[in-house]
Amino acid sequence: PNSSLDDQTRNKMTKGTTSFGKRHNKSHTTCRRCGKVSFHIQKSTCSSCGYPSKKMRQYNWGLKAKGRRTTGTGRMRFMKSMTRRFKNGFREGTQAKKQVAN
């Protein structure tokens with residue numbers, strides 16, 4: 001009776017502890033485009049941005065993910081001055097008129 005109990009414990013597959021010890025192969029590495037550790041080495045595609053595809057990977061069901069990489073998340077060198085320029089009718093090359101003190 002004792003040996004059958006040992007067989008059960010020896011052959012038992014566990015999802016925890018013992019399985020975690022076997023995890024030492026990397027399937028993903030850093031992506032050149034997005035910088036996340038999402039580039040699948042064997043597939044050679046990024047699961048986050050879709051690199052090497054020319055178009056960025058984005059889905060409508062991933063609203064949060066879209067928000068993380070959309071307009072307004074970076075420096076916005078060009079767009080940050082757009083509202084001010086729009087307000088003034090995109091005028092260029094003019095000097096402000098001197099105000100006369102009353």
Side-chain angles (χ1 to χ4, degrees):
N2 210 12
S3 61
S4 64
L5 196 117
D6 287 343
D7 287 340
Q8 284 177 347
T9 53
R10 206 179 305 119
N11 296 335
K12 189 180 175 194
M13 294 293 285
T14 58
K15 290 186 268 183
T17 316
T18 53
S19 301
F20 281 98
K22 295 185 175 84
R23 307 205 307 181
H24 53 72
N25 296 319
K26 288 189 176 130
S27 57
H28 293 88
T29 187
T30 39
C31 175
R32 290 163 67 179
R33 180 159 52 180
C34 67
K36 288 188 176 182
V37 186
S38 303
F39 189 80
H40 197 282
I41 300 163
Q42 286 186 323
K43 287 184 190 174
S44 66
T45 49
C46 179
S47 58
S48 180
C49 72
Y51 181 85
S53 172
K54 290 179 184 72
K55 292 181 179 178
M56 286 287 279
R57 174 189 172 275
Q58 59 105 12
Y59 295 100
N60 288 332
W61 48 258
L63 285 173
K64 282 177 153 183
K66 272 178 144 185
R68 288 186 200 108
R69 68 174 113 217
T70 190
T71 315
T73 57
R75 277 176 63 182
M76 294 214 313
R77 290 177 288 230
F78 178 73
M79 289 292 288
K80 75 168 100 171
S81 62
M82 196 56 103
T83 47
R84 175 174 43 82
R85 288 171 58 230
F86 171 75
K87 189 173 64 181
N88 298 314
F90 297 102
R91 63 181 178 204
E92 284 183 338
T94 56
Q95 201 74 29
K97 290 175 185 169
K98 289 186 177 178
Q99 292 181 334
V100 182
N102 287 337

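Predicted model, so just to flag it, every value in this text is computed and none were measured.
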J.: Is a donor on one side and an acceptor on the other found under 3.5 Å between the side chain of Ser47 and the backbone of Ser38?
T.: yes
J.: In Å, rounded to the nearest 0.5 Å, how long is the span from OG of Ser81 to CE of Met76?
T.: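 One gets 9.0 Å once the value is rounded to the nearest 0.5 Å.
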J.: Could you tell me the separation between the CZ atom of Arg85 and the CE atom of Met79, rounded to the nearest 0.5 Å?
T.: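 Taking CZ in Arg85 and CE in Met79, the distance rounds to 10.5 Å.
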J.: Does Asn60 have any side-chain contact (heavy atoms from CB on, under 4.5 Å) partners at least two apart in sequence or in another chain, and if so, which?
T.: Lys66
J.: Using the side-chain contact (heavy atoms from CB on, under 4.5 Å) criterion, which residues pair with Arg33? Sequence neighbours excluded.
T.: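 side-chain contact (heavy atoms from CB on, under 4.5 Å) list for Arg33, sorted by chain: Cys31, Cys49, Tyr51, Met56.
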J.: Test question: given the 4.5 Å side-chain rule for I, L, V, M, F, W and Y, name all other residues clustered with Phe20, or answer none.
T.: none
J.: To the nearest 0.5 angstrom, please state how far the NZ atom of Lys26 sits from the NE2 atom of His40.
T.: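 Spacing of NZ (Lys26) from NE2 (His40) equals 14.0 Å.
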J.: With sequence neighbours left out, what residues match Arg68 under side-chain contact (heavy atoms from CB on, under 4.5 Å)?
T.: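 For Arg68 the side-chain contact (heavy atoms from CB on, under 4.5 Å) partners, ignoring immediate neighbours, are Lys64, Ala65.
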J.: Among residues two or more places apart or on two chains, list those pairs meeting ring-ring contact (aromatic ring centres under 6.0 Å, His included) that have a residue in residues 65-102.
T.: none
J.: Under 4.5 Å between any side-chain heavy atoms of Arg69 and Ser48, yes or no?
T.: yes
J.: List for me each residue that meets side-chain contact (heavy atoms from CB on, under 4.5 Å) alongside Thr29, sequence neighbours excluded, and say none if there are none.
T.: Phe39, Ile41
J.: Please report the shortest heavy-atom distance between Thr73 and Gly67, naming the atom on each side.
T.: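 Scanning both residues, the minimum pair turns out to be CG2-O, 3.3 Å.
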J.: Drop me the distance from Gln58's CD to Leu63's CG, to the nearest 0.5 angstrom.
T.: 10.0 Å
